[in-house]
Amino acid sequence: MLCALVQFLSGPAILAPMPSRTHPFFIPALVRIKPGALDRLGVYLARAGHRRILLLVSTGLQPALGQRLEASLARDGIFLAGREEVDEASFEHAATLFSRVPPGCEAVVGFGGGRALDVAKYVAFLAGLSYLAVPTSLSNDGFCSPQSSLTQGGRRRSLRAAMPSGVVVDTDVCLHAPDVLWWSGVGDLVAKVTAIADWKLAFHARGTPVNDFAALLSDATVFQFMARPVRDLEGVRLLATSLMLNGIAMEVSGSSRPASGSEHLMSHALDTVSRRPRLHGLQVGVATYVVSRLQGQGTERVAAVLDATGFWRGITQDPFSRREWLEAVRLAPTLKDDFHTVLSTRDCAPEVEKLLRTDSRLERCFTD
């Protein structure tokens with residue numbers, strides 16, 4: 001039965017794009033974004049009636065963080081029915097963990113970085129259980145979205161999954177995550193500027209439906225963070241809230257369009273052609289700046305956030321290959337059928353090549 005289920009879930013149906021919709025959607029009922037939230041996880045689970053849980057944790061997570069979480073569970077009588085470490089974000093690994101979900105389990109908790117959260121979200125989806133996201137860094141908006149980014153047969157896929165019923169972000173923990181994860185989260189956030197522009201472009205060119213509320217929600221998150229792009233507890237709270245609302249915008253629209261446009265296509269293409277892909281948000285952040293120049297809009301907004309947060313410093317410390325980026329620009333428009341973006345309107349490679357060599361921000365980010 002498990003084999004049949006896995007075969008069904010790995011087929012085309014689960015990879016089909018979500019239709020635009022107006023019927024009810026799912027959003028987290030529990031949201032805690034504050035210092036010390038990790039130490040109250042047991043309280044939150046008990047209030048939700050989840051007494052028996054499966055915990056999926058990032059491999060290599062600081063032991064002290066795991067100890068704090070498990071102490072919180074013990075204080076409030078939450079039974080740890082199972083604890084598994086996640087070392088790869090793959091469909092195959094998620095299916096294996098699904099087969100080991102303990103009987104009587106009431107919820108799945110994902111704890112750590114993006115890989116563990118994507119796998120935990122998908123395991124909960126397969127098992128029909130509530131899912132709680134407890135990120136220890138804010139490297140992208142995936143911790144609260146209706147999809148899981150997993151490899152399948154070695155290829156990166158966005159697989160349909162359930163939204164979390166709860167999001168618990170300890171801002172103090174995330175504040176002390178490595179710099180590169182902060183920059184990655186910032187990069188994924190500013191992508192909403194170009195994603196919304198691409199969505200509207202697709203409407204005018206192809207009639208692609210636009211959910212105005214989802215577009216407004218996604219666009220507003222960037223303005224919220226722009227007002228205070230500072231890396232402190234309040235800045236982390238703003239970034240976490242903004243990324244969470246981006247995920248909710250995708251659920252509202254039934255599409256990735258509010259958060260993902262040509263800048264994400266370029267990043268996915270880089271994952272394919274690059275000998276050493278970087279963090280998703282780093283690639284997306286640079287691509288967003290490039291795409292804003294191609295679109296002729298949003299560049300000042302994007303640049304203001306990237307400049308203020310030190311994003312470019314993270315890129316120049318480990319520059320990209322110019323050749324790989326130009327290859328990715330050519331490949332990107334072919335990756336998704338019926339996904340119209342600015343890259344669909346013309347051959348953008350010559351423009352991008354000129355930008356990479358002459359733009360004052362970009363020229364330091366690339367090597368030949």
With side-chain contact (heavy atoms from CB on, under 4.5 Å) as the criterion, how do T309 and F225 come out once you've worked through the C-alpha distance, each side chain's angles and the decisive distance to 0.1 Å? CA-CA 11 Å; T309 54; F225 185 72; 3.9 Å; yes
Looking only at non-hydrogen atoms, find the nearest pair between [X] and [Y] and report the distance.
X: T367; Y: P319; value: CG2-CB, 3.8 Å
X: L117; Y: P135; value: CD1-CB, 3.6 Å
X: G187; Y: V190; value: O-CG2, 3.3 Å
X: S139; Y: S184; value: O-OG, 2.9 Å
X: K192; Y: S218; value: CB-OG, 3.5 Å
X: P258; Y: A195; value: O-CB, 4.2 Å

Any side chain to side chain donor-acceptor pair (under 3.5 Å) involving residues 49-65? Give me the pairs, sequence neighbours left out, ordered by first then second residue. none
Which class fits the ring pair F125 and Y122: parallel under 30°, tilted 30 to 60°, perpendicular over 60°? tilted
Kindly write out the residues that satisfy salt bridge (Lys or Arg N to Asp or Glu O under 4.0 Å) with [X], not counting sequence neighbours, or none if the list is empty.
X: E106; value: none
X: R40; value: none
X: R32; value: none
X: D271; value: none

Which residues share a side-chain contact (heavy atoms from CB on, under 4.5 Å) with [X], sequence neighbours left out:
X: L243; value: L138, D141, F143, L189, L239, N246
X: R155; value: R157
X: P178; value: V180, L181

Do [X] and [Y] have side-chain atoms, one donor and one acceptor, less than 3.5 Å apart?
X: S267; Y: Q283; result: yes
X: D198; Y: H340; result: no
X: S145; Y: Q147; result: no
X: T221; Y: S242; result: no
X: D39; Y: S72; result: no

Transitive ILVMFWY side-chain link [X] to [Y], under 4.5 Å:
X: V284; Y: V291; answer: no
X: V101; Y: L73; answer: no
X: L30; Y: I33; answer: no
X: V290; Y: L343; answer: yes
X: V302; Y: V352; answer: yes

With a 4.5 Å limit on heavy-atom distance, are the side chains of V286 and F311 in contact? yes
Please set out all donor-acceptor pairs under 3.5 angstrom arising from side-chain atoms of residues 161-175, sequence neighbours excluded.
{"from": "S165", "atom 1": "OG", "to": "Y131", "atom 2": "O", "distance (Å)": "3.2"}
{"from": "D170", "atom 1": "OD1", "to": "G36", "atom 2": "N", "distance (Å)": "3.2"}
{"from": "D170", "atom 1": "OD1", "to": "D172", "atom 2": "N", "distance (Å)": "3.1"}
{"from": "D170", "atom 1": "OD1", "to": "V173", "atom 2": "N", "distance (Å)": "3.3"}
{"from": "D170", "atom 1": "OD2", "to": "G36", "atom 2": "N", "distance (Å)": "3.2"}
{"from": "D170", "atom 1": "OD2", "to": "A37", "atom 2": "N", "distance (Å)": "3.2"}
{"from": "D170", "atom 1": "OD2", "to": "L38", "atom 2": "N", "distance (Å)": "3.1"}
{"from": "D170", "atom 1": "OD2", "to": "R68", "atom 2": "NH2", "distance (Å)": "3.3"}

In Å, rounded to the nearest 0.5 Å, how long is the span from [atom1] of [X] to [atom2] of [Y]?
X: R75; Y: L41; atom1: CZ; atom2: CG; result: 10.0 Å
X: F111; Y: L56; atom1: CZ; atom2: CG; result: 12.0 Å
X: H280; Y: S149; atom1: NE2; atom2: OG; result: 7.5 Å
X: F339; Y: S256; atom1: CZ; atom2: OG; result: 5.0 Å
X: L265; Y: E263; atom1: CG; atom2: CD; result: 7.5 Å
X: I53; Y: L132; atom1: CD1; atom2: CG; result: 8.5 Å

Does [X] come within less than 4.0 Å of [Y], counting only side-chain N to carboxylate O?
X: E70; Y: R83; answer: yes
X: R357; Y: D368; answer: yes
X: D359; Y: K354; answer: no
X: D212; Y: K200; answer: no
X: E351; Y: R346; answer: yes

Do [X] side-chain atoms and [Y] backbone N/O form a donor-acceptor pair below 3.5 Å?
X: S255; Y: R257; result: yes
X: K336; Y: A332; result: no
X: T345; Y: V342; result: yes
X: T341; Y: S262; result: no
X: T136; Y: G112; result: yes

Go through it in stages, so that I can follow the logic: the residues are R278 and D318, the test is salt bridge (charged side-chain N to carboxylate O under 4.0 Å, His left out), and I'd like the CA-CA distance, side-chain angles, deciding distance and then a yes or no. CA-CA 9 Å; R278 311 297 203 279; D318 187 16; 3.1 Å; yes
Of all pairs that satisfy salt bridge (charged side-chain N to carboxylate O under 4.0 Å, His left out), the ones with a partner from residues 111-125, not counting sequence neighbours: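 Qualifying pairs, neighbours excluded: none.
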Residues in ring pair (Phe, Tyr, Trp, His ring centres under 6.0 Å) with Y289, at least two apart?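 Expected list: W312.
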What residues, two or more places apart in sequence or in another chain, satisfy ring pair (Phe, Tyr, Trp, His ring centres under 6.0 Å) together with W183?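 With neighbours one apart ignored, the set is empty.
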Let's go through R237 and E234 carefully: what are the C-alpha distance in whole Å and the side-chain angles of both, what is the deciding distance for salt bridge (charged side-chain N to carboxylate O under 4.0 Å, His left out) to 0.1 Å, and is it a yes or a no? CA-CA 5 Å; R237 185 189 71 80; E234 176 62 9; 2.7 Å; yes
